[in-house]
Amino acid sequence: MNLASIPSPSTGVIELGPIPLRGYAFCIIIGVFVAVWIGNKRWVARGGKAGTVADIAVWAVPFGLVGGRLYHVITDYQLYFSDGQNWVDAFKIWEGGLGIWGAIAFGAVGAWIGCRRRGIPLPAWADALAPGIAVAQAIGRWGNWFNQELYGKPTDLPWALEISEGPNRVAGTYHPTFLYESLWCIGVALLVIWADRRFRLGHGRAFALYVAAYCAGRGWIEYMRVDEAHHVLGLRLNVWTAIIVFVLAVAYIVISAKLRPGREEIVEPEKDAAEAAKDVEKKDDAEAADADGDPLKKDDSDPLKKDDSDPLKKQDAAPEAADKS
C-alpha cells in the first residue's frame with residue numbers, strides 16, 4: 001500500500017470555452033518560449049543582437065516538430081500502420097509522440113538555414129541555445145504526465161506515479177520516468193551554463209556537452225520504461241541511440257577543442273557595418289536604375305552632335321585657313 005504518490009490528471013485537455021487546450025501541446029509551446037528567452041540572453045551576452053535567436057528559431061522549431069514526429073512514427077510504426085490502427089493518427093501530434101533525436105536533427109537543419117540567411121555561425125548559435133533546449137525538454141516532459149504515458153516499472157515508492165486504467169495501460173503506481181528526465185534536464189542545463197562560464201566553451205562544444213549529458217541520463221531512464229519499443233540485442237532502440245550519440249558528442253568535444261580551441265570572438269556582424277553595406281548596395285542599385293532610365297545620361301549618340309573627327313569638317317577647315325592667309 002502506498003502512503004504517498006503522484007496523482008495523474010483525469011484528462012489531458014482543458015476546455016477554454018470552444019477552444020480545447022491540450023496539456024501536451026501547452027507544455028511544448030511553453031518550452032519553446034523559455035528556450036528562446038534563455039538563448040536570447042546568452043546570445044546577447046556573447047555579443048550578438050537581440051532577436052536573432054528568435055528569428056532563427058522560426059526556422060528551427062517547425063523543422064524540429066516535423067523531425068520529432070517522423071522519428072516517433074518511424075520507430076513506432078506499429079501504432080499507426082498495423083492491423084486495426086488508423087494511419088491518420090500519425091498526424092495527431094497533439095496526442096503525444098515526439099522523438100527528441102529527430103527533433104534535434106531536423107531542428108539543426110532548420111537552424112542552419114536560418115543562420116546561413118543571417119550570416120552567423122551555426123555552432124555559436126547552438127552554444128547559446130543549448131541550456132534553453134534542456135530546460136524546454138524539462139518542461140515538455142510534463143506533457144507526458146498529462147497524457148499518462150512514458151512511465152516506468154511498477155513501484156511503491158512515495159513518489160510513485162498513479163496511472164488510471166485506459167487504452168494500452170493498466171492501473172497502478174509506476175516510476176515517474178517523465179519526472180526523472182525533467183529533473184535530469186534541469187541538471188544538464190545548469191551543467192552547461194557552469195561549464196560554459198568556467199571553460200569558455202565555443203565552436204559548438206557547449207551544445208555537444210548538452211547532447212552528451214542528456215544522453216547519459218536518457219540511457220538509464222529509457223531502461224526503466226515499460227512502454228512498447230523495438231529492441232536490439234536485448235536493449236531498447238532509444239538506449240542504443242543514446243549510446244551512439246553520446247560517443248559522437250564526446251568525440252566532437254575532444255576533436256573540436258584541438259582543432260579550434262577557445263571561443264568565437266565575433267558571433268554576429270556589427271549592426272552599423274551590416275546596415276551600411278546594405279545602404280551602399282541600395283544606392284548603387286538606384287544609381288544604376290537612374291542611368292538606364294535617363295536619356296541624358298546615355299552615351300553621345302545624338303545625330304545632331306558634331307564630331308571633331310569628321311573628315312568633311314577637316315576638309316572645309318583647310319580652304320578657310322588658306323583664305324585667311
Test side-chain contact (heavy atoms from CB on, under 4.5 Å) applied to R141 and L150, step by step: CA-CA 9 Å; R141 273 306 175 201; L150 305 187; 3.3 Å; yes

Ring centers of W87, Y77 separated by less than 6.0 Å: no

Any donor-acceptor N/O pair, R42 side chain to D127 backbone, under 3.5 Å: yes

Hphob cluster co-occupancy, I113 + L129, side-chain heavy atoms under 4.5 angstrom: yes

Over 12 non-hydrogen atoms of neighbours within 6.0 angstrom of CZ in F199: yes

Exam field: side chain E165 to backbone A171, donor-acceptor pair closer than 3.5 Å: yes

Cluster link Y252 to I243, ILVMFWY, side chain under 4.5 Å: no

H230 side-chain N/O to T75 backbone N/O, donor-acceptor pair under 3.5 Å: yes

Y80 OH: over 12 foreign heavy atoms closer than 6.0 Å: yes

Closest approach of E268 to T52 (non-hydrogen atoms, all atoms of both residues): OE2-OG1, 2.8 Å

E149 and Y24: side chain donor to acceptor below 3.5 Å: no

Single-linkage hydrophobic cluster, 4.5 Å side-chain cutoff, W145 and V13 together: no

Main-chain N/O of S164 paired with R169 side-chain donor or acceptor, under 3.5 Å: yes

Heavy-atom pair with the smallest gap, counting every atom of G219 and V239: O-CG2, 3.9 Å

Close side-chain approach of L179 to L161, heavy-atom, < 4.5 Å: no

Aromatic ring pairing W220/W184, orientation class (parallel under 30°, perpendicular over 60°, tilted between): perpendicular

Shared hydrophobic cluster for V226 and I6 (ILVMFWY, side-chain gaps under 4.5 Å): yes

Donor-acceptor pair between D196 and Y210 side chains, under 3.5 angstrom: no

W101 side chain vs H72 backbone, donor-acceptor pair below 3.5 Å: no

Same cluster (ILVMFWY, side-chain, under 4.5 Å), V267 and I193: no

F26 atom CZ, neighbour heavy-atom count above 12 within 6.0 Å: no

Considering all heavy atoms, the nearest A35-A136 contact: CB-CB, 3.9 Å

Close side-chain approach of I120 to E264, heavy-atom, < 4.5 Å: no

More than 12 heavy atoms of other groups within 6.0 Å of L248 CG: yes

Nearest heavy-atom neighbours spanning C215 and A242: CB-O, 3.4 Å

